[in-house]
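Structure first, commentary second.
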2 protein chains.
Amino acid sequence: MKNVAALAGVGIKTVSRVMNGEANVSAATTARVNEAAAQLNYELDVHAGNLKRLDRRSRTLGLLVGSVANPFSGAMHRAVEDAAIERGIAVFASSMDDNPERERLSVTAFLRRRVDGLILTTATSSQGYLLPEQSHGTPLVFVDRAPVGIDADAVVSDNAIGAATATRHLIEHGHRNIAYVGDSHALQTARERRRGFQEEIGRAGIPTGDIAQLEDLHSEEAAFEAVTRLVAGEHPPTAIFSSQNLVTVGAIRALRRLGLQHRIALVGFDDVELSDLLEPAITVVAQNPRRIGELAIERMFARLDGDHSAPSTIVVPTTLIVRGSGEIRPS
Amino acid sequence: MKNVAALAGVGIKTVSRVMNGEANVSAATTARVNEAAAQLNYELDVHAGNLKRLDRRSRTLGLLVGSVANPFSGAMHRAVEDAAIERGIAVFASSMDDNPERERLSVTAFLRRRVDGLILTTATSSQGYLLPEQSHGTPLVFVDRAPVGIDADAVVSDNAIGAATATRHLIEHGHRNIAYVGDSHALQTARERRRGFQEEIGRAGIPTGDIAQLEDLHSEEAAFEAVTRLVAGEHPPTAIFSSQNLVTVGAIRALRRLGLQHRIALVGFDDVELSDLLEPAITVVAQNPRRIGELAIERMFARLDGDHSAPSTIVVPTTLIVRGSGEIRPS
DNA sequence: GACGAACTTGACATCGTTGTCACGGATCGG
DNA sequence: CCGATCCGTGACAACGATGTCAAGTTCGTC
């Protein structure tokens, strides 16, 4: 900046004014400064400015997701980024892999860089460790999973309702021996989906002792193995509810490997690309990750703009998409 | 930091030393400082430190991809992030949507934040605008597409070779009327893939006048429309080579809609999730986005660690995955 | 026991920018 | 035509950290 000032023959403060588009700089001076800046390829250093600036905003957000390689996270990320870029805000993205340690590591990395706010999916059992940061004024918006041990904004899917809808759909098609195949019990979303499943099973008067409930399947491969064993067992289910997209894909692969895809019904939680073209096509309870991202960033901006109302949790509805696999009747 | 120093009863420089894990601080002092820091929930401010630090490293990278919602970008991103997190480096991610303007916007946003390096997929016709930044010492690694107008490291797929392999595969299965269905001609990768296709067609002695070459299909919908019109035309191809994953999905949907998926062969460039379970399963030339990301970040770290050798372009091989759709013979 | 080396510590300038304030000149209303 | 206001501008301190350097302390060796 000093160099630009020297080249333009003005004070550094004037350069600062021009670079920030402040008023009350003559057109001639503005032109001279801009020319000098262009000649020297000068770019403002936002961080140096932040040091002295009163609002201390880095115009940077931290986004923590399960994995940036997961399509659900990708859609959310994209929505966040689209809104952020319009306000000149850059987004740090990080994957925590449902690993509490990695979550803490990423959050620390974000905080060290003085992000203006955090949008996060968490894997820790409690997010109380963020309390000091929150009271220090950093807005937090939790996505996908509601926070524990801290009161903050959240945007989540209607996990229990969606799971119940999927389960009811199977029950309405005549099933009573429905297996639950799901992700880690440590995850709040997985627990909620299981709860929705169980409650619906209960409402239908089906004894829970009769049904298999498999948990802690954290990858496609694990789900494949588990479902393979399940349907080859002695009391195989006539229908399966899978509570997460990787698990759904594992289940699809297992059923097809055994040639059972037309005999055992399947409803998945969360949509999967191309699943509408399979034979049978997969009935799912679709989430709306893009919408979750949109609402989260909207909430974030409201907070950054001074909204001090009580934290709220927004529930984004899921949608049952009937395609075939969920309408198979028990044989 | 001042507060921590005061609470611990030491000078700020000592706090700085403890927080940065420097040697030559007594155990007792270290403990006192750490305790004070914990009590005040103090986190280092990397940007303030950068101002004075000699290396001026923000320990931050900028990653520009087509879209963070695209699985190809997601896999690349994940590989970059995994390596970065180990070095305590945070990653800004941004989508440029093959929009040159958005590319410039994102790059500016990154540079303003003084990233230590840029890993980028570009949409501009020339990246010469990065020359000053490069000579200023910021390492650049281009991914997916080789740079134009600037000499820098790059990691790309063997686009022409892969396309030729796919085309040869179709020719070997008896096809001579093979359509090319591809993305925007403005994209270097799309041009390369088309070149590979054309050269292979030429090698087989097939007159180019006979074959349809559709371009500028930038979404699944556009590809769907184009393929629908193509195969309904008066001289429909017996095989299709689609040069990008969204285009492939559009083509799949079009063929199935018309019930032609078992009559017209299809080979896609870039793999698509679940495409192995379709009927027929889709034969593809798979890229290796994770590997591209790994090599790119490796290159980046080498540069940051002082490697001043001449820029190189690493070509990551593609793999033909035979699944069914590409082995349909002409009727 | 003395002397130098090694260790521990803090004062202070400084990084690039913005907030504050003050100054001089132009403009305006009566 | 004069005083009041407004506009354009720059000098300077300060933001939170680190580099430099010097001072005080401890330790080891002959």
Side-chain angles (χ1 to χ4, degrees), chain A residues 1-34 36-37 40-60 88 108-109 111-116 133 136-138, chain B residues 1-34 36-37 40-60 88 108-109 111-116 133 136-138:
Chain A
M1 188 142 140
K2 258 192 320 206
N3 304 324
V4 177
L7 182 60
V10 299
I12 56 168
K13 180 68 231 216
T14 298
V15 177
S16 168
R17 276 191 268 257
V18 172
M19 300 309 290
N20 288 289
E22 282 175 41
N24 298 334
V25 183
S26 75
T29 311
T30 304
R32 251 199 350 275
V33 169
N34 280 328
L40 297 175
N41 284 105
Y42 172 76
E43 281 287 357
L44 265 182
D45 182 330
V46 294
H47 298 304
N50 266 353
L51 223 42
K52 191 79 215 298
R53 212 194 319 275
L54 291 182
D55 64 3
R56 309 224 67 218
R57 292 275 171 85
S58 61
R59 306 190 73 68
T60 295
T108 301
L111 296 180
R112 273 200 204 312
R113 288 173 181 79
R114 298 296 187 265
V115 295
D116 296 336
E133 199 54 33
H136 184 274
T138 308
Chain B
M1 186 142 141
K2 255 191 322 204
N3 304 322
V4 177
L7 181 60
V10 299
I12 56 168
K13 180 68 231 211
T14 300
V15 177
S16 168
R17 276 191 268 256
V18 173
M19 300 308 290
N20 288 287
E22 284 175 39
N24 298 334
V25 183
S26 76
T29 311
T30 304
R32 252 202 347 276
V33 170
N34 280 329
L40 297 176
N41 285 105
Y42 172 77
E43 280 288 357
L44 265 181
D45 182 330
V46 293
H47 299 305
N50 267 352
L51 224 43
K52 190 80 212 302
R53 212 194 319 272
L54 291 182
D55 64 3
R56 308 226 65 219
R57 291 275 171 85
S58 60
R59 305 190 75 66
T60 294
T108 302
L111 295 181
R112 272 202 207 310
R113 288 175 180 77
R114 298 294 187 267
V115 295
D116 296 335
E133 198 55 34
H136 184 274
T138 308

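Proteins come first, then strands; the chains are lettered A, B, ... in the order of their sequence lines, and each starts at number 1.
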With sugar-phosphate taken as primed atoms, P, OP1 and OP2 and all else as base, the protein-contact string of nucleotides 17-22 of chain C at under 4.0 Å (heavy atoms; B, S, -) is BBBB--
Angle between the two end axes of the helix from dG1(C)-dC30(D) to dG30(C)-dC1(D), five base pairs per end, rounded to 10 degrees? 20°
Without hydrogens or angle criteria, can the side chains of R113(B) and T60(A) be said to hold a donor-acceptor pair below 3.5 Å? yes
Beyond-backbone contact of V4(B) with M1(B), side-chain heavy atoms, under 4.5 angstrom: no
Starting at atom [atom1] of [X], determine the distance to atom [atom2] of [N], rounded to an integer number of angstrom.
| X | N | atom1 | atom2 | result |
| --- | --- | --- | --- | --- |
| R112(A) | dA17(D) | CZ | C1' | 13 Å |
| R56(B) | dC15(C) | CZ | P | 10 Å |
| N24(B) | dT25(D) | CG | P | 18 Å |

What is the minimum heavy-atom distance between L51(A) and A48(B), and which atoms define it? CD1-CB, 3.8 Å
How close do S58(B) and R114(B) get, counting heavy atoms only, and between which atoms? OG-O, 2.6 Å
Gap between atom [atom2] of [Y] and atom [atom1] of [X] - 0.5 Å precision:
| X | Y | atom1 | atom2 | answer |
| --- | --- | --- | --- | --- |
| E133(A) | T138(A) | CD | OG1 | 3.5 Å |
| N24(A) | T14(A) | CG | OG1 | 11.5 Å |
| H136(A) | L111(A) | NE2 | CG | 10.0 Å |

Is the shortest side-chain N/O distance from S26(A) to OP1 or OP2 of dC7(D) below 4.0 Å? no
OP1, OP2 of dG8(D) versus side-chain N and O of T14(A): anything below 4.0 Å? no
Sole residue of R59(B), R53(B), R57(B) in salt bridge (charged side-chain N to carboxylate O under 4.0 Å, His left out) with D55(B): R53(B)
